[in-house]
Amino acid sequence: MTRLLLLDGHSLAYRAFFALPAENFSTATGQHTNAVYGFTSMLINVIRDERPTHVAVAFDRSRQTFRTEEYAEYKAGRAKTPDEFSGQVPLVQEVLDALRIAHAEVDGYEADDIIATWARQGREAGHEVLVCSGDRDALQLVDERVTVLYPRKGVSDLARMTPEAVEEKYGVRPERYSDLAALVGESADNLPGVPGVGPKTAAKWLGLYGDLGGVVDHADQIKGKAGQSFRDHLDQVLRNRRLNQLVSDVELPVGMAEAEWDSYDREKVHEVFDALEFRVLRDRLFEYLGADETEGTETGEAAELEVEALAPGGLADWLEAQGEELVGLELLVAMPESLAGRHRAEATGVALAGPGSVVWFDLAGRTPGDENALAGLLAEGAERVAVHDVKPAVHALREIGLRLDAVAHDTALAAYLVKPDQRSYDLGDLAIRHLHRELPSGEEQGGGDALFAADLVEGGETLGGAALQAAHRAQAVRDLAPVLAELVEQAGGTRLLHDVELPLAAHLVRMEAAGIAVDRDRLDELESDFADQVAAAQADAHAAIEDDSVNLGSPKQLQQVLFERLGMPKTKKTKTGWTTDADALVWLRAQTGEGTPAEAFLEALLRHRDVTKLRSTVQGLQKAVDTDGRIHTTYQQTIAATGRLSSVDPNLQNIPIRTEAGRRIREVFVVGEGFEQLMSADYSQIEMRIMAHLSGDEGLIEAFRAGEDLHNFVGAQVFGVEPDAVTPEMRAKVKAMSYGLAYGLSAFGLSKQLGIGPEEAKGLMETYFERFGGVRDYLGEVVDRARADGYTETMLGRRRPLPDLGSSNRQRREMAERMALNAPIQGSAADVMKLAMLRVDDRLAADGLGSRVLLQVHDELVVDVAPGEAETVRELVTHEMSTAVELDLPLEVSVGLGRSWHDAAH
DNA sequence: GGGAGTACGTA
DNA sequence: CGTACGTACTCCCT
């Protein structure tokens with residue numbers, strides 16, 4: 001059975017636009033997506049439920065149609081279509097293009113006419129026809145072969161309008177629906193009906209006289225007020241009838257052949273859904289498509305791959321036969337049962353793709369000869385291995401005593417350098433995008449890759465699914481390597497890849513494997529201490545409002561208490577009400593009378609917030625302590641669009657430091673066994689220094705060269721006083737402004753943050769820019785340049801594409817402008833730190849020192865210092881960090897030593 | 001169990 | 001109306 005699905009793109013998207021709250025559907029850059037989301041969601045549902053073989057979507061092109069020519073008031077009186085909606089129509093069409101779903105719009109006709117035409121063609125072609133439209137005129141199309149799916153409410157509830165359903169609802173058969181509508185009128189189209197005649201009366205007349213013609217013929221026989229009213233409005237009724245008749249012979253650019261739906265553009269779907277930030281929808285879509293035979297028909301099916309399982313002892317010969325060619329490598333990894341650490345998963349098997357063949361090798365059966373051959377392939381100097389995501393591979397090999405020192409290429413890192421804003425760099429996606437090849441889907445094709453899939457290999461004998469998958473992946477990596485290498489080259493990132501990211505990955509592996517020692521007892525004490533404080537704060541809060549049923553962790557319940565029960569003034573709006581964030585609570589407390597229960601409540605609530613946050617941080621750390629008594633974070637090297645690292649599981653880059661209570665958490669991070677002290681070394685004001693360098697501003701550079709206190713210096717300039725006359729208030733203002741500048745802070749934002757008037761903030765910024773004109777010029781230029789190039793660039797040439805700089809959407813564009821301001825500064829600082837890490841690591845090794853780097857927190861390194869090395873390492877780290885790059889001003893590094901991270905602070 | 005929303009920790 | 005991240009909690013859905 002062939003089934004044709006027709007959708008009225010405009011009316012469905014428009015319904016969605018009003019059904020879904022706009023503020024819940026917008027991208028990070030501010031693009032509204034509620035209409036696209038609603039339409040796409042409905043589309044996916046309908047496709048899933050109805051399984052059409054043919055799909056087509058009609059759009060209105062303009063309001064000018066043959067109907068407005070006959071009746072200028074047609075659809076008049078409607079509010080102007082909001083711009084927020086119009087802007088989404090092209091996005092809807094992008095979604096359709098990605099799905100390769102036909103769509104059309106035709107001058108002078110409405111979407112419904114196009115649908116009527118398609119419906120006729122579809123019926124003639126023998127299809128069963130489904131029409132999904134929010135316009136009731138479509139009901140006239142209903143018959144035995146045509147069903148209308150009419151959205152009842154929202155975007156998820158569709159009424160199935162068969163002839164019977166139409167009759168039940170309107171009292172007439174669908175072929176009489178237009179007659180009925182002509183009598184009753186359609187307010188949405190500004191077509192007034194006969195006054196005093198509703199659907200019931202109209203249906204009765206049509207039942208009596210057959211059709212509208214019959215009713216007209218018998219007009220003078222109809223009694224009562226309604227009959228008179230009908231006779232008075234006869235012309236209007238006939239006009240309504242002419243206008244609501246859908247045209248079914250529109251000349252269309254798209255016919256039944258184009259409507260056949262048998263493929264989609266997977267890569268484009270990712271692109272479009274990424275841009276729209278439709279994660280759930282994408283999953284839903286692929287869940288359906290993945291279960292359907294449409295998958296694979298368009299992007300190339302999983303290619304046949306002949307994989308040979310090498311016998312023990314066979315590796316050397318195979319490797320020999322590959323000559324000096326690049327080898328794609330993919331590991332299977334298994335977690336040893338006795339250990340808990342993520343970084344201790346061991347490689348159990350390896351798939352290798354060479355120029356001529358792909359092999360699978362079970363590492364459990366390796367002979368010394370195999371091991372030698374493999375070590376030779378992986379060893380420094382060989383530079384022949386390509387992998388996807390080197391870090392886990394290095395870990396897994398490290399665990400079985402093999403070093404992977406010679407990675408020639410990493411397709412994940414390469415893809416990141418090419419397009420750093422993506423959320424993931426899944427190998428399967430890259431294969432589709434660049435090789436037009438679909439990888440066989442395993443249970444786990446996502447970020448986890450083949451990790452922990454070893455249990456799929458049964459007995460290690462047969463070439464199980466996981467091994468075969470690994471082989472496909474190895475082949476894909478080998479094939480992708482040159483493609484991505486070229487793209488990296490085009491993006492100017494080749495040196496960055498080979499001289500920075502790849503060697504850094506090896507260093508990160510060592511940091512992750514080392515972990516940082518934790519004082520378990522101290523951690524537990526801290527937890528119970530914070531737990532007590534949480535309980536106390538909660539009790540105080542509950543006592544203050546004489547109600548212990550309120551969950552203080554629930555913003556919803558807090559809103560109830562604060563704004564309804566206590567009647568407090570409203571704070572800033574959020575999507576769901578009014579904010580109860582710390583700023584707002586502090587503000588509310590200031591509005592509240594001293595000594596009142598309300599004040600006591602707010603005070604206790606703020607305390608509760610603080611201390612629950614600290615407690616959950618501590619609990620997170622407790623859970624993260626490994627069997628070796630250390631915490632091993634994972635550094636993500638391909639997440640931050642600016643080039644920074646990020647830290648997960650646990651995140652050790654956001655351990656509290658600003659408050660005294662928070663700093664206590666840093667006391668639990670301690671020097672490791674066999675080491676003497678922890679050392680913390682950080683760059684002071686690296687982003688400000690980089691901004692000074694990049695801008696070439698003489699004043700700022702001079703300040704840094706003179707080694708003055710930056711904020712005092714700037715404060716003196718801005719306020720026109722001597723540096724030693726800068727008050728703490730002045731310093732605070734200037735400090736906030738200096739940092740804010742690198743983020744694209746506005747005068748408005750500054751005034752809000754400092755709690756000063758907008759005029760004062762504006763004045764501050766103006767004076768700042770007068771004194772530091774180089775900074776002003778630089779910030780302007782950096783955005784102009786980015787707009788021209790389409791990307792920003794860091795000191796090491798790391799690029800960040802910012803297509804939204806050209807957006808016509810102001811919110812989006814301004815967001816991109818702030819990103820353009822910040823990315824070179826934050827990104828260059830990240831570059832400098834990465835270089836410094838490599839230099840420090842190299843020097844520690846070259847000088848035969850036992851100290852090791854453990855953590856990186858953007859501008860800080862934490863080091864386990866081996867006995868007797870404190871001074872040497874202090875020297876070394878200071879030197880390597882401060883000379884990592886040469887700037888027009890010094891890079892200052894400050895170092896501290898101590899038993900704990902807290903004590904090492906300075 | 002998962003997602004959205006809110007809140008908050010770091011640089 | 002200030003960039004870049006990760007995590008935890010609640011609430012509401014499936």
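In what follows, every chain begins at residue 1, and chains take the letters A, B, ... in the order their sequences are listed.
- Remark: A:D421 engages A:R800 in a salt bridge, criterion side-chain N to carboxylate O under 4.0 Å.
- Side-chain to base pairing of A:Q753 with C:dG2: one donor and one acceptor N or O lie within less than 3.5 Å of each other.
- Regarding contacts with the backbone of C:dG6, a side-chain N or O of A:S646 is found under 4.0 angstrom from either OP1 or OP2.
- Across all strands shown, C:dG2 remains unpaired; no Watson-Crick or G-U wobble contact has both distances below 3.5 Å.
- Spacing between atom CD of A:Q826 and atom C1' of C:dC5 amounts to 8 Å, rounded to whole angstrom units.
- The aromatic rings of A:W901 and A:F669 stand perpendicular to each other, their planes meeting at an angle above 60°, with 30° marking the opposite boundary.
- Regarding contacts with the backbone of B:dT6, a side-chain N or O of A:T576 is found under 4.0 angstrom from either OP1 or OP2.
- Applying the 3.5 Å distance criterion, the base of C:dG6 shares no donor-acceptor pair with the side chain of A:N651.
- At the heavy-atom level, A:Q557 lies under 4.0 Å from the strands shown only through sugar-phosphate atoms.
- Between the side chain of A:R609 and the base of B:dA7 there is no donor-acceptor pair of N/O atoms closer than 3.5 Å.
- Distances shown here put a side-chain N or O of A:Q636 below 4.0 Å from the OP1 or OP2 atom of C:dG6.
- Taking atom CG on A:L855 and atom P on B:dA11, their separation rounds to 13 Å, with Å as the unit.
- Contact annotation: side chain of A:K613 to base of B:dC8, donor-acceptor pair present below 3.5 Å.
- Along DNA chain C, the nucleotide nearest to A:P420 and the one nearest to A:G749 differ in position, and the one closer to the 5' end is contacted by A:G749.
- A close approach under 4.0 Å does not occur between any side-chain nitrogen or oxygen of A:T642 and OP1 or OP2 of C:dA4.
- Using a cutoff of 4.0 Å between basic side-chain nitrogens and carboxylate oxygens, A:R522 and A:E667 are scored as salt-bridged.
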